[in-house]
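Note sheet for the following structure.
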Protein chains: 4
Amino acid sequence: MEARKRILTSALEQLEERGYARMTIEQVAVSARVGKATLYRSWPNKAALVLDAVRSRLREVPTAETGDTRGELLSMAKEALAGFFGSPQVQAVLPALVADTAQDPELRRRLREEVLEPRRARSRTVLERAIGRGDLPEDTDISLALEMWAGAMMFRSVFYGDGYDDAALARLVDATLASPPRFAADGEARPVDAAHDA
Amino acid sequence: MEARKRILTSALEQLEERGYARMTIEQVAVSARVGKATLYRSWPNKAALVLDAVRSRLREVPTAETGDTRGELLSMAKEALAGFFGSPQVQAVLPALVADTAQDPELRRRLREEVLEPRRARSRTVLERAIGRGDLPEDTDISLALEMWAGAMMFRSVFYGDGYDDAALARLVDATLASPPRFAADGEARPVDAAHDA
Amino acid sequence: MEARKRILTSALEQLEERGYARMTIEQVAVSARVGKATLYRSWPNKAALVLDAVRSRLREVPTAETGDTRGELLSMAKEALAGFFGSPQVQAVLPALVADTAQDPELRRRLREEVLEPRRARSRTVLERAIGRGDLPEDTDISLALEMWAGAMMFRSVFYGDGYDDAALARLVDATLASPPRFAADGEARPVDAAHDA
Amino acid sequence: MEARKRILTSALEQLEERGYARMTIEQVAVSARVGKATLYRSWPNKAALVLDAVRSRLREVPTAETGDTRGELLSMAKEALAGFFGSPQVQAVLPALVADTAQDPELRRRLREEVLEPRRARSRTVLERAIGRGDLPEDTDISLALEMWAGAMMFRSVFYGDGYDDAALARLVDATLASPPRFAADGEARPVDAAHDA
DNA sequence: AAGTAAACGAGACGGTACGTCGTGTCTTCCG
DNA sequence: CGGAAGACACGACGTACCGTCTCGTTTACTT
């Protein structure tokens, strides 16, 4: 449909020019030369529209196999995580969408299922390959590892507007490769005081 | 000041009852029996008001010294991080405040300087103590370690509304104790494939 | 338009109940079950709204021809002038509208062109007919005569809240019939001391 | 009192600069360097303040005796009526005060007793002198005559912002001198068709 | 000359209404 | 006859003044 494309384009324009909070459905409709009703027929609210508009611009998480575990992880972390949370667009839009999920369960579902989960699934394969190669232990808590990485970057992005440079990414990846979060590590099983190579 | 207290109380009530997005300055003013002008005299917008209201309810990051590094870290992680990002109030409000920072540099500054930095500083002392005891290497990237922890919890809180249980916290802490992010670890210096299971 | 009618009706109600000064656009909108924006779309301010509301209730100036000049004039003076300036509605509203014209040239224009001039034009025809019949001299200053009558009634209405009874109207009309303001009377042309009681 | 004078002066300044409607007690207080309470201690509202401020600037109605009735009347009409209703200050303020009387009986009383009645009384003496001299009949309705004159000028002033020139004043005065409104003229006593000097 | 009380400036306060803006629905007409 | 155009009810916004009410602080009077 012609209109749909014009709407999404206008939405991205408005988003860039004015930011999420000051972007207006009214203005999107006008600048897409579309009746508001047409717009509401396809999206129930601003968040849903923005989610679609932004989704169309996301690059996929790279999972290319090179045989080099550390390289694959670094590449994934850089492209999929740092590149994602560090991009100005995502920085501008993601917190707003997240905030809106408080009022909008459907948005929360879509954000999880259509954005996060697919990315997470692809990231996970890279870690699983590392386990397969013996570069990570079998009982690695992959979800937790990914959350540590993604969370660290999101944290810095969200509160400081900064991204992670290659050196910081390497510290992150290397620390996890050296000692990833492991299910077996729960409780007292692991003696704390032998924890590092002092 | 009498009015100020009534306003903050009303703000917290409204916040709890209706959530950030549907909370209204108008309603806060009415239910605090205060003119809107009085409110605007002290706070330029909803975000600033909420920040103050919430700030008054935050507990401090515990830094009690017990001699047990792992215990201290677990305790700090649980109280300051899991307890913070996992609390329903913070979950409801933080994303909205973060979203508003996009339009409001002053809010961003206050969020950083008045909320995050003080907590971060106190958390950091616990890690520094661990380094002092030799439980973590001298070149530990403390900021990065804290961001990994906080980020992981914030990530889960924000996208899934979940918190971390004790077991997950232990995995997090133990992994970091075993091999924290280190400045010296940058680049190729550290052989990746000898990283675990030593 | 449905809304327009509801608004004008509500305006008249409010006007009657609370008076012009205490009538509120807000309340008109509420009681007409209309958004304020709808109201502002049609009227820029309270005065414009009230002008329209009141205008819809004005009766026309009677100009019926009976052949009896004095009777026609008395009837016109009574209906159009005493009935107008003496009516509680006009008394309540006209001073306020006049006061508002100080801030609002458009209001002043409308008050003149849409209310006063049409009434004045019709009143004038009655006087012109009297001239035609020879009951008033050709050089009668019709405008001035009308202003004397209207002004006198407005004066009393405005400052004392009273109207003119039939006897007073007759004094007014008879004095003017006996000796109307005349253009030829300017300057010294007319001997002052032979003016009465001839 | 020092403050009182500063307040009245500021009021007149504000009145001139912004007009009655946009003049503000707040601003008067500020520019008179006076607390609002001080102002309210002396005047209950804007109208009362303005009434006092304006009253201090009014010139008296001239009643000088010259022996020339027509001249005295013209002079009185010009100074007291045309000069009063035609002055920009009165034009700007009087309608607003009149409008406010609808909400404020005390203001109405003061406007009548402190402004209108004194002027009316002095004007009346001029007419009474004319009666004494035989230039007007004994049964002249002096009040009505004055209302006709004042009303005519107020009418034109209020709706058209114009004043009366000398010629128009002469027409007014001469018409009244030739045939003033008379009590005896009531009813059918006066034959209508002999009304003018055809 | 000191002590005290009234009057004052400054401006915070609880209110009310303002005029504007955006939302999401509903109606009107045009192509 | 589908869709643009935009009117509409609603509700919150942030502002401006209102009239009331503390605050300290001059004043000016009393002792």
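In what follows, chains carry the letters A, B, and so on, assigned in the order in which the sequence lines appear, proteins first and then strands, with residues in each chain numbered from 1.
Of the residues in residues 94-108 of chain A, not one places a heavy atom less than 4.0 Å from an atom of DNA chain F.
Of all heavy-atom pairs between B:Gln14 and B:Gln27, the closest is OE1-CG, 3.4 Å. Of all the heavy atoms in D:Tyr160 and C:Glu117, the pair that sits closest is OH-OE2, 2.9 Å.
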- In B/S/- notation, 5' to 3', how is nucleotides 22-31 of chain E contacted by protein heavy atoms closer than 4.0 Å? SBBBB-----

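Every residue two or more places apart in sequence or in another chain that forms a ring-ring contact (aromatic ring centres under 6.0 Å, His included) with D:Phe159 is listed here: D:Phe155. Under the rule for a side chain to side chain contact (heavy atoms under 4.5 Å, CB included), the partners of B:Ser56 that lie at least two apart in sequence or sit in another chain are B:Leu12.
For D:Arg41, no side-chain nitrogen or oxygen approaches OP1 or OP2 of E:dA7 to under 4.0 Å. Side-chain N/O atoms of C:Thr38 include one lying less than 4.0 angstrom from OP1 or OP2 on F:dA9. Put simply, B:Arg4 has no side-chain N or O that comes within less than 4.0 Å of OP1 or OP2 on E:dC13.
Residue pairs meeting the salt bridge (charged side-chain N to carboxylate O under 4.0 Å, His left out) criterion with at least one partner in residues 92-102 of chain B, sequence neighbours excluded, are absent.
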Please tabulate, for the side chains in residues 44-54 of chain D, all donor-acceptor contacts under 3.5 angstrom to protein atoms that are two or more places apart in sequence or on a different chain.
residue	atom	partner	partner atom	Å
D:Asn45	OD1	D:Ala47	N	3.2
D:Asn45	OD1	D:Ala48	N	2.9
D:Asn45	ND2	D:Asp104	OD2	3.2
D:Lys46	NZ	D:Tyr20	O	2.7
D:Lys46	NZ	D:Ala21	O	3.4
D:Lys46	NZ	D:Met23	O	3.1
D:Asp52	OD1	D:Arg55	NH2	3.4
D:Asp52	OD1	D:Arg110	NH2	2.5
D:Asp52	OD2	D:Trp43	NE1	2.7

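Within the 4.5 Å cutoff, side-chain heavy atoms of D:Ser10 are placed close to those of D:Ser31. Contact check for C:Glu106 versus C:Arg109: side-chain heavy atoms found under the 4.5 Å cut-off.
To the nearest angstrom, P of F:dC18 lies 15 Å from CH2 of D:Trp43.
D:Arg33 comes within 4.0 angstrom of sugar-phosphate atoms only, judged by non-hydrogen atoms across all strands, and of no base.
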